[in-house]
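A short write-up of the structure that comes next.
Residue numbering restarts at 1 for every chain, and letters A, B, ... go by the order of the sequence lines.
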There are 2 protein chains.
Amino acid sequence: MSENVGRWLRDEIETAILSNEFSPGERLDEMVLASRFGVSRTPVREALMQLDAIGLIEIRPRRGAVVIDPGPHRVYEMFEVMAELEGLAGSLAARRLDDKTREAIAAAHRRCELSAEAGDSDAYYYDNEAFHKAIYAASRSDFLEEQCTQLHRRLRPYRRLQLRVRNRLATSFTEHCAIVDVIFAGDGEEARRLLRAHVGIQGERFSDLVASMATR
Amino acid sequence: MSENVGRWLRDEIETAILSNEFSPGERLDEMVLASRFGVSRTPVREALMQLDAIGLIEIRPRRGAVVIDPGPHRVYEMFEVMAELEGLAGSLAARRLDDKTREAIAAAHRRCELSAEAGDSDAYYYDNEAFHKAIYAASRSDFLEEQCTQLHRRLRPYRRLQLRVRNRLATSFTEHCAIVDVIFAGDGEEARRLLRAHVGIQGERFSDLVASMATR
DNA sequence: GTCAATTGTCTTGTATACAAGATCGATATT
DNA sequence: AATATCGATCTTGTATACAAGACAATTGAC
């Protein structure tokens with residue numbers, strides 16, 4: 001629990017939104033939230049203002065806050081940008097790799113291998129996240145790492161859905177192997193290309209996404 | 001003036017920060033801001049929470065808000081990400097161009113030409129911004145356009161400084177010409193490459209940036 | 001004379017009170 | 001019966017009050 005209630009509430013509500021406890025389009029009543037968390041309206045409002053600034057909710061004047069519904073097309077656009085940023089992170093990582101970041105990537109990759117072999121979709125979900133974060137960190141660009149982490153958080157629910165589709169888990173791990181190889185080989189441009197392809201949504205994977213979004 | 005005071009204040013304070021009226025590291029006193037804008041502390045706090053969420057200021061618990069000082073290295077990282085996003089915008093624009101967006105880019109480009117020929121650095125600054133925004137819009141990706149616009153805003157003061165360095169104005173316009181050509185030719189990959197080079201800071205331009213930041 | 005501790009003031013964090021606008025329902029009129 | 005208008009209630013927006021922590025200054029001791 002963070003030091004001030006406002007920030008704690010922000011994280012709490014953000015998590016609730018990203019875990020789909022508050023559905024897109026749902027209205028967020030300040031009083032309800034306040035009594036639910038046992039605080040007054042003031043810190044709730046501060047948390048909501050922050051979420052509005054981040055773009056997770058929309059506060060329409062005098063009409064309250066609603067959870068933003070990105071919609072399939074916008075989610076696609078977000079993946080498109082994510083792919084680009086991850087590509088940059090990968091290319092920088094390949095060029096700036098050192099012993100520590102190399103070992104961090106290798107360790108996360110090994111954990112992914114275990115989860116993938118076990119066919120444990122939930123475990124792979126977490127290990128996959130750690131793998132990508134290791135690459136962000138290896139880029140040695142604090143700003144890029146922050147941007148990637150933030151966007152990754154917002155896309156978290158959809159990434160999770162994607163892992164459920166047929167064979168995605170094995171495919172994903174195979175792609176990871178190639179990515180690790182080229183990063184360790186120091187080939188920045190190839191790392192960029194592979195990560196862009198790995199993260200991006202192309203072809204029939206878009207309809208998979210739409211389908212899984214409809215049924216969640 | 002926006003509908004609610006909080007949002008209005010956010011824009012007001014954000015502008016003040018980005019125009020360097022509030023310097024990096026400066027402490028922002030809630031009461032001072034409240035009386036300056038003739039409101040109570042509540043909307044001021046809400047504005048500050050939003051700016052904290054965006055990353056423009058930092059609110060340390062019980063110790064108040066200070067304007068974040070990115071520092072040369074972080075500004076460089078921001079330009080690096082900006083270059084990547086603009087590259088994506090350019091490549092999408094090249095592929096998705098239609099009559100309306102094509103004309104918008106052409107018009108902005110013509111205004112840049114006039115300012116460049118006149119040697120009017122201030123006018124070129126504005127026209128250049130419009131030119132880049134026309135490309136964001138032509139990408140037809142709302143999310144990407146928002147991300148680009150937001151980052152562009154934060155880098156605004158530094159871009160302005162960059163235009164002051166020797167010959168940058170003429171060089172910039174020359175690069176614009178090439179960019180327009182490849183976008184209009186529909187060459188997405190070349191547009192990406194040229195825009196990345198145009199926006200990114202490489203080699204001696206980094207020391208130019210550091211130098212201009214020190215003397216502002 | 002210098003360093004540390006304590007007190008006082010200032011600022012932030014949270015709660016509550018009050019005002020203004022929006023939504024929803026009821027009633028009246030066509 | 002349907003629609004429009006008026007009003008009541010509920011929610012948000014802003015202000016103010018109060019509490020608690022941080023910083024600074026002054027005083028005392030070594």
Side-chain angles (χ1 to χ4, degrees), chain A residues 1-18 20-71, chain B residues 1-18 20-70 150:
Chain A
M1 171 163 170
S2 195
E3 325 217 15
N4 54 351
V5 182
R7 204 160 302 189
W8 169 63
L9 274 178
R10 169 170 65 95
D11 295 340
E12 207 71 21
I13 300 174
E14 182 180 353
T15 304
I17 292 175
L18 292 179
N20 224 312
E21 188 180 340
F22 297 135
S23 320
E26 183 172 340
R27 175 118 171 269
L28 299 177
D29 188 296
E30 295 178 357
M31 292 270 281
V32 173
L33 291 171
S35 56
R36 163 169 171 172
F37 292 106
V39 296
S40 84
R41 276 180 51 221
T42 307
V44 171
R45 282 185 62 77
E46 289 178 347
L48 292 179
M49 300 301 290
Q50 292 185 69
L51 293 175
D52 177 85
I54 292 175
L56 265 176
I57 68 173
E58 183 186 359
I59 300 181
R60 292 170 304 179
R62 302 244 164 231
R63 300 184 66 192
V66 294
V67 180
I68 283 190
D69 180 7
Chain B
M1 172 160 171
S2 195
E3 326 218 14
N4 56 350
V5 182
R7 205 159 301 188
W8 169 64
L9 273 178
R10 169 171 64 96
D11 296 340
E12 207 72 20
I13 300 175
E14 182 179 354
T15 304
I17 292 175
L18 292 178
N20 223 313
E21 186 179 342
F22 298 135
S23 320
E26 184 172 340
R27 176 117 171 268
L28 298 177
D29 188 294
E30 294 178 358
M31 292 271 281
V32 173
L33 291 171
S35 57
R36 163 169 171 172
F37 292 106
V39 296
S40 84
R41 276 179 53 219
T42 307
V44 171
R45 283 185 62 77
E46 289 178 346
L48 292 180
M49 299 301 291
Q50 292 186 70
L51 294 175
D52 178 85
I54 293 175
L56 264 177
I57 68 173
E58 183 186 358
I59 301 181
R60 292 170 304 179
R62 302 248 161 229
R63 301 183 66 192
V66 294
V67 180
I68 283 189
D69 180 8
Q150 194 177 324

Using atom CG of A:Asn4 as one end and atom C1' of C:dA15 as the other, report the distance to the nearest whole Å.
-> 15 Å
So what does B:Arg62 hit on the nucleic acid, given a heavy-atom distance under 4.0 Å: a base, only sugar-phosphate, or nothing?
-> base
B:Leu48 CG - D:dT14 P separation (whole Å) = 15 Å
CG of A:Asp29 versus P of C:dA22: gap in Å, rounded?
-> 17 Å
May I ask you to verify if any side-chain N or O of A:Ser40 is less than 4.0 angstrom from the OP1 or OP2 atom of C:dA15?
-> yes
Output for pair (B:Ile13 CD1, B:Leu56 CG), nearest 0.5 Å, gives 10.5 Å
Atom CZ of B:Arg7 and atom P of D:dG13: how far apart are they, to the nearest Å?
-> 8 Å
Quick one: A:Arg60 CZ to D:dT11 P, roughly how many Å, whole number?
-> 15 Å
What integer distance in Å separates A:Glu30:CD from C:dT16:P?
-> 15 Å
Backbone N/O of B:Gly6 and side chain of B:Asn4: donor-acceptor pair under 3.5 Å = no
Partner of B:Arg36 under salt bridge (charged side-chain N to carboxylate O under 4.0 Å, His left out), chosen from B:Glu12, B:Glu30, B:Glu21 = B:Glu21
Closest to the side chain of A:Arg63, out of C:dT14, C:dT23, D:dT14, is C:dT23
Donor-acceptor pair under 3.5 Å, B:Arg41 side chain vs C:dG13 base | yes
In sequence, state the C-alpha distance, the side-chain angles, and the governing distance for B:Leu51 and B:Leu28, and then conclude on side-chain contact (heavy atoms from CB on, under 4.5 Å).
-> CA-CA 12 Å; B:Leu51 294 175; B:Leu28 298 177; 5.7 Å; no
Residue closer to the 5' end of DNA chain C, A:Pro61 versus A:Gly38 (nearest nucleotide) | A:Gly38
Hey, which of these two, B:Arg27 or A:Thr42, hits DNA chain C nearer its 5' end, going by closest nucleotide?
-> B:Arg27
Assess whether side-chain contact (heavy atoms from CB on, under 4.5 Å) is satisfied between B:Ile54 and B:Gln150, documenting all intermediate values.
-> CA-CA 10 Å; B:Ile54 293 175; B:Gln150 194 177 324; 4.2 Å; yes
Between P of D:dG13 and CH2 of B:Trp8, the distance in whole Å = 17 Å
Can you tell me how far P of C:dG13 sits from CZ of A:Arg10, to the nearest Å?
-> 14 Å
With respect to the phosphate group of D:dG13, does any side-chain polar atom (N or O) of A:Arg45 fall under 4.0 Å of OP1 or OP2?
-> yes
